[in-house]
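Have a look at the structure below before the remarks.
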Amino acid sequence: MFDLNSDLGESFGAYTIGGDAQVLDLVSSANVATGFHAGDPLVMAQTVAMAVDKGVRVGAHVGYRDLAGFGRREMEYDPGLLAAETTYQIGALQAIARAQGTAVTYVKPHGALYNRIAHDSVQASAVIQGIKDADPTLKLMGLAGSSVLRWAQEAGLGVIAEAFADRAYTAGGTLVPRSTPGAVLHDAQAAASQAVNLALGEPITAIDGSRILVAAESLCVHGDNPTALLLIKEIRAALAAEGIEVGHAD
């Protein structure tokens, strides 16, 4: 069994992003935007309700306070503020989840925050503290092989190591920056092939052609990717062909 997750609930106000209803039919975990990089209270409630209806696990997709940049702009932050904003975002989704008869079980930072805390101990510590203040039983979903997972475990949090089916990797096992051509995989067969290798624990091809191992428990396909639905369908079919069931242990 292997977890398949997607970043969802990223519409807000008059803006519609992604095909959440269709994606939720195919994934086992939903990273629901908590209003800082995308999403709003109504979208959060609607997304969680759909996740409950489809039996999908709910996680809080927290980010920098950056609607204009979709949370993908590098930012400097006071650690105390970052910790408080992390707790705030988690708390908002926890309340909505409780109203829908479910619970938030993990936290996945978004975009620039996700990439920053993979190696920045100051911001990572702030996010970890914010999660612990909200609920120390929550797990942190982060980049497989990154320092933040070790720091979270040392602080007493459970972790979920994540890999990306639709993103290119560097030879060092980090994600290729989105500003680099080829950073996002739009070809469904290429993403499906990478997903199968990741799920089986086999090497994948980095952007420079080298072969690397990425040990992960969950695979992400971005919900805002224009080809997300096609990618996920191809990935599901490829995993099924290898006898790999989509789901999670908790």
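Each residue takes its place number in the sequence, starting with 1. Quantities reported herein were computed from a predicted structural model and do not represent experimental measurements.
Legend: salt bridge (Lys or Arg N to Asp or Glu O under 4.0 Å) pairs involving residues 194-208, not counting sequence neighbours: none detected. Applying the salt bridge (Lys or Arg N to Asp or Glu O under 4.0 Å) rule to pairs touching residues 130-146 yields Lys139-Asp250, sequence neighbours excluded. Note on residues 74-95: pairs passing ring pair (Phe, Tyr, Trp, His ring centres under 6.0 Å), not counting sequence neighbours, are Phe36-Tyr88, Tyr64-Tyr77. Under the salt bridge (Lys or Arg N to Asp or Glu O under 4.0 Å) criterion, no residue pair touches residues 32-44, with sequence neighbours excluded. Sorted by first and then second residue, the salt bridge (Lys or Arg N to Asp or Glu O under 4.0 Å) pairs with a member in residues 111-128 read Glu74-Arg116, Glu76-Arg116, Arg116-Asp120; sequence neighbours excluded.
Remark: Gln189 CD to Gln194 CD distance equals 14.0 Å, nearest 0.5 Å. In this structure, the separation between CG on Leu4 and CG on Leu219 is 6.0 Å, given to the nearest 0.5 Å. Note that CD1 of Ile96 and CD of Gln94 are 11.0 Å apart. Values are rounded to the nearest 0.5 Å. Atom CZ in Arg57 sits 11.0 Å away from atom OG1 in Thr102 (nearest 0.5 Å). Note that the CG atom of Leu198 and the SG atom of Cys220 stand 11.5 Å from one another [nearest 0.5 Å]. For the atom pair Leu230 CG and Gln22 CD, the distance stands at 13.0 Å (nearest 0.5 Å).
When side chains are defined from C-beta on, Arg167 does not count as touching Leu185, because their heavy atoms never get closer than 4.5 Å. Side-chain contact between Asp20 and Thr47 is present, with heavy atoms from C-beta onward closer than 4.5 Å. Side-chain contact between Met75 and Arg65: absent, with no pair of heavy atoms (C-beta onward) separated by less than 4.5 Å. Under the 4.5 Å side-chain criterion, counting only non-hydrogen atoms from C-beta, Val32 is not in contact with Val43. At least one side-chain heavy atom of Trp151 sits under 4.5 Å from a side-chain heavy atom of Ser121. Within the 4.5 Å cutoff, the side chain of Leu143 has no heavy atoms near those of the Val148 side chain.
Residues Val56 and Leu93 do not share a hydrophobic cluster, defined by chaining ILVMFWY side chains whose heavy atoms lie under 4.5 Å apart. Taken together through direct or relayed side-chain contacts under 4.5 Å among Ile, Leu, Val, Met, Phe, Trp and Tyr, Leu231 and Phe164 form part of one hydrophobic cluster. In the hydrophobic clustering of ILVMFWY residues, with side-chain heavy atoms under 4.5 Å counting as a link, Leu113 and Leu149 come out together. In the hydrophobic clustering of this structure, Met141 does not group with Leu157; members are Ile, Leu, Val, Met, Phe, Trp, Tyr whose side-chain heavy atoms approach within less than 4.5 Å, directly or through other members. Both Val62 and Val48 are assigned to one and the same hydrophobic cluster, defined by single-linkage of ILVMFWY side chains at heavy-atom distances under 4.5 Å.
Donor-acceptor pairing under 3.5 Å is recorded for the side chains of Thr170 and Thr174. His248 and Glu217 are not linked by any side-chain donor-acceptor pair at a separation below 3.5 angstrom, with hydrogens and angles left out of the test.
The shortest non-hydrogen separation linking Glu10 to Ala33 is CG-CB, 3.9 Å. Considering every non-hydrogen atom in both Ala144 and Ala216, the closest pair reads CB-CB, 4.2 Å. Considering every non-hydrogen atom in both Ser6 and Val221, the closest pair reads OG-O, 2.7 Å. The two residues Ala165 and Ala195 make their nearest non-hydrogen contact at CB-CB, 4.0 Å. Considering all non-hydrogen atoms of both residues, Val122 and Pro79 come closest at CG1-CG, 3.7 Å. In terms of heavy atoms, Ile128 sits closest to Ala155 at CG2-CB, 3.6 Å.
Applying the salt bridge (charged side-chain N to carboxylate O under 4.0 Å, His left out) test to Arg211 and every residue at least two apart in sequence or in another chain returns nothing. In this structure, Arg98 has no salt bridge (charged side-chain N to carboxylate O under 4.0 Å, His left out) partners at least two apart in sequence or on a different chain. For Glu234, the salt bridge (charged side-chain N to carboxylate O under 4.0 Å, His left out) criterion is met by no residue, not counting sequence neighbours. Every residue was checked against the salt bridge (charged side-chain N to carboxylate O under 4.0 Å, His left out) condition with Glu245, not counting sequence neighbours, and none meets it. Annotation: ring-ring contact (aromatic ring centres under 6.0 Å, His included) contacts of Phe2 (sequence neighbours excluded): none. For Tyr169, there are no ring-ring contact (aromatic ring centres under 6.0 Å, His included) partners at least two apart in sequence or on another chain.
More than 12 heavy atoms of other shown residues, nucleotides or ligands fall within 6.0 angstrom of atom NZ in Lys54.
Counting only distance, with no hydrogens or angles, the side chain of Thr87 and the backbone of Gly130 share a donor-acceptor pair below 3.5 Å. Between the side chain of Gln89 and the backbone N or O of Ala60 there is no donor-acceptor pair closer than 3.5 Å.
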If you look only at distance, which donor and acceptor atoms sit under 3.5 Å apart when one is on a side chain in residues 103-110 and the other is two or more places apart or in another chain?
from, atom 1, to, atom 2, distance (Å)
Tyr106, OH, Ala30, O, 3.3
Tyr106, OH, Asn31, OD1, 2.5
Lys108, NZ, Asp7, OD1, 3.1
Lys108, NZ, Glu162, OE2, 2.7
His110, ND1, His61, NE2, 3.1
His110, NE2, Phe70, O, 2.7

- Query: Hey, mind stepping through Thr34 and Ile90 against side chain to side chain contact (heavy atoms under 4.5 Å, CB included) and telling me if it holds?
  - Reply: CA-CA 7 Å; Thr34 49; Ile90 295 168; over 6 Å; no
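Each of Leu239, Asp3, Leu26, Ile235 was checked for a side-chain contact (heavy atoms from CB on, under 4.5 Å) with Val246, and the lone residue meeting it is Leu239.
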